[in-house]
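Structure, as structure tokens:
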Amino acid sequence: MRTPLYDWHISRGARMVDFGGWDMPIQYTTITEEHTAVRSAAGLFDVSHMGRLSFGGAGALDLIQHVFTNDTATMKDGQVRYGLVCNERGGIRDDVLVYRWPYGWAMVVNAANREKIVAWIESHRAGRDVQMVDQTLTTAMVAVQGPKAVELCRGLVEADASQLRYYFAVPTRYRGKACVVSRTGYTGEDGFEFFVAADEAVTLWEELIGRGARPCGLGARDTLRLEAAMPLYGHELGEEIDPFQAGLGWAVKPAKGDFVGREALLRRKDDPSLRVRVGLELEGKRIGREGSAVLSGGAEVGRVTSGTFSPTLEKAVAMAYVEPALAAAGTACEVDVRGKAAPAKVVSLPFYRRAK
């Protein structure tokens, strides 16, 4: 599939890749240059491949509470909340954002999981008065991220987006047409995500570039989110991994009442046999890639899920799942990098935290 910005990406020479069934730009120049632009100024991302679902009807809250691990009943209008959609075994079907509006609800899901999650929610709707609309193909979504992002967006929409608190959003207008702006992102920086009609995407995109944002591909988005220790579905998250293993127990609220996977999660919460997510820092510049074995005393004790050479920290870093006994910060280990053991140690997450 193609986003409304596909032709723009092609005309600017972006290197395109298949990502979750979408033709997406991986980079325009170099990943390091684009990564640095986000950390130092403002980067612009086409994230229109993300699934955008809206919910209305008297049963919408009940349905979302049933399929979502976090508690949406306590959300204020305009608030955004992160959480998981789990299977009955407690494994993660997707990690999603839920938005509460005065008039209903919305959910942003991962691109590769959109059809799976739509079908999953539909299968649990049973008898509830809920209208679910998949708006992915009729809308676009772009993210502006970086220390200069908020100032760069001043006056762009009718609402004063600079007044939004983190993880809040507001329906407003862009050039007289309905849009949503949300103070969220996936880079570890401040910034906004904009939701507009598909036919407004290029206009918004080019205006943001004119204001100083630099187009960035999914390559930089991956190195940025890895530095910020944000999990990626299919790497740190999956159907056989539960939120507690992933370090996301804060997004599970068993006290809210029953939801899909609740009983399994309560059983799995303190299971000492389950590996847990950690950060690793490797010596030298060799990179522990996805699937690389983590070793201790010559024995495999875990597997790398994501790794890169951090452009910001100038160190090789990785996230991995390891045996709980080896999860403490400072624990020495090794990572098998193409058959050679690279010395490493467990470090606290995130690797990078922006200055307030």
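Note that this is a predicted model, so its numbers are computed, not measured.
Inter-residue side-chain proximity for P4 and V202 is flagged as unmet; no heavy-atom pair is nearer than 4.5 Å. Put simply, the side chain of P254 reaches to within 4.5 Å of the side chain of V252, judged on heavy atoms. L226 has its side chain within reach of V317: a pair of non-hydrogen atoms, C-beta onward, lies under 4.5 Å apart. Annotation: side chain of T36 is not in contact with side chain of T312 (no heavy-atom distance under 4.5 Å). For the pair W205 and I209, the minimum side-chain heavy-atom distance is below 4.5 Å.
Criterion: ILVMFWY side-chain heavy atoms under 4.5 Å apart, direct or through other members. Under it, F195 and W8 are not part of a common hydrophobic cluster. Both L204 and Y28 belong to a common hydrophobic cluster when Ile, Leu, Val, Met, Phe, Trp and Tyr are linked at side-chain heavy-atom distances under 4.5 angstrom. Transitive grouping of hydrophobic side chains (ILVMFWY, heavy atoms separated by less than 4.5 Å) brings V157 and V150 into a common cluster. No continuous path of ILVMFWY side-chain contacts below 4.5 Å connects Y321 to L274, so the two sit in separate hydrophobic clusters.
A donor-acceptor pair under 3.5 Å is absent between the side-chain atoms of H49 and the main chain of A111, judged by distance alone. A donor-acceptor contact shorter than 3.5 Å links the side chain of N87 to the backbone of E239. Side chain of R183 to main chain of L164: a donor-acceptor pair is present (N/O by atom type, distance under 3.5 Å, no hydrogens or angles). In terms of modelled atom types and a separation under 3.5 Å, the side chain of K315 and the main chain of E281 share no donor-acceptor contact. Looking at N113, its side chain never comes within 3.5 Å of a backbone N or O of I117 through a donor-acceptor pair. Looking at D71, its side chain does come within 3.5 Å of a backbone N or O of A73 through a donor-acceptor pair.
Taken from CH2 in W22 to CE in M16, the straight-line distance is 11.5 Å, to the nearest 0.5 Å. To the nearest 0.5 angstrom, Y167 atom OH is 8.0 Å from Y82 atom OH. Within the model, atoms CG of L218 and CD of Q27 stand 10.5 Å from one another, a figure rounded to the nearest 0.5 Å. Put simply, CG on L326 and NZ on K345 are 16.0 Å apart, with the number rounded to the nearest 0.5 Å. S162 OG to D190 CG: the interatomic distance, rounded to the nearest 0.5 Å, is 10.5 Å. Here the straight-line distance linking atom SG of C179 with atom CZ of F194 works out to 7.0 Å at 0.5 Å rounding.
Using a 4.0 Å cut-off between charged nitrogen and carboxylate oxygen, R125 and E122 count as a salt-bridge pair. A salt bridge is absent between E34 and R221: the closest approach of a Lys/Arg side-chain nitrogen to an acidic carboxylate oxygen does not fall below 4.0 angstrom. Between E334 and R286 no salt bridge is recorded (no basic side-chain N to carboxylate O distance below 4.0 Å).
In the displayed structure, R15 atom CZ is contacted under 6.0 Å by at most 12 heavy atoms of other residues, nucleotides or ligands. Counting heavy atoms of neighbouring residues, nucleotides and ligands inside a 6.0 Å radius, atom NZ of K148 does not exceed 12 of them. Residue R128 places its CZ atom among more than 12 non-hydrogen atoms of other residues, nucleotides or ligands, all under 6.0 Å distant. Counting non-hydrogen atoms of other residues, nucleotides and ligands closer than 6.0 Å to CD of E207 gives a total above 12. Atom NZ of K269 has 12 or fewer neighbouring heavy atoms from other residues, nucleotides or ligands inside a 6.0 Å radius.
Each of R225, R277, R303 was checked for a salt bridge (charged side-chain N to carboxylate O under 4.0 Å, His left out) with E236, and the lone residue meeting it is R225. The side chain to side chain donor-acceptor pair (under 3.5 Å) test with R52 singles out one residue from D134, T136, T138, T139, and that residue is T139.
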(request) Apply side chain to side chain donor-acceptor pair (under 3.5 Å) to the pair R214 and T29, showing each step before the final yes or no. (result) CA-CA 11 Å; R214 177 173 180 156; T29 56; 2.9 Å; yes

(request) Would you please test R39 and E33 for salt bridge (charged side-chain N to carboxylate O under 4.0 Å, His left out) and show each step? (result) CA-CA 10 Å; R39 289 280 182 252; E33 286 176 2; over 6 Å; no

(request) Take R275 and E323, measure what salt bridge (charged side-chain N to carboxylate O under 4.0 Å, His left out) needs, and give me the verdict at the end. (result) CA-CA 5 Å; R275 291 177 174 181; E323 307 293 343; 3.1 Å; yes

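Aromatic pair Y99/F168: centroids not less than 6.0 angstrom apart.
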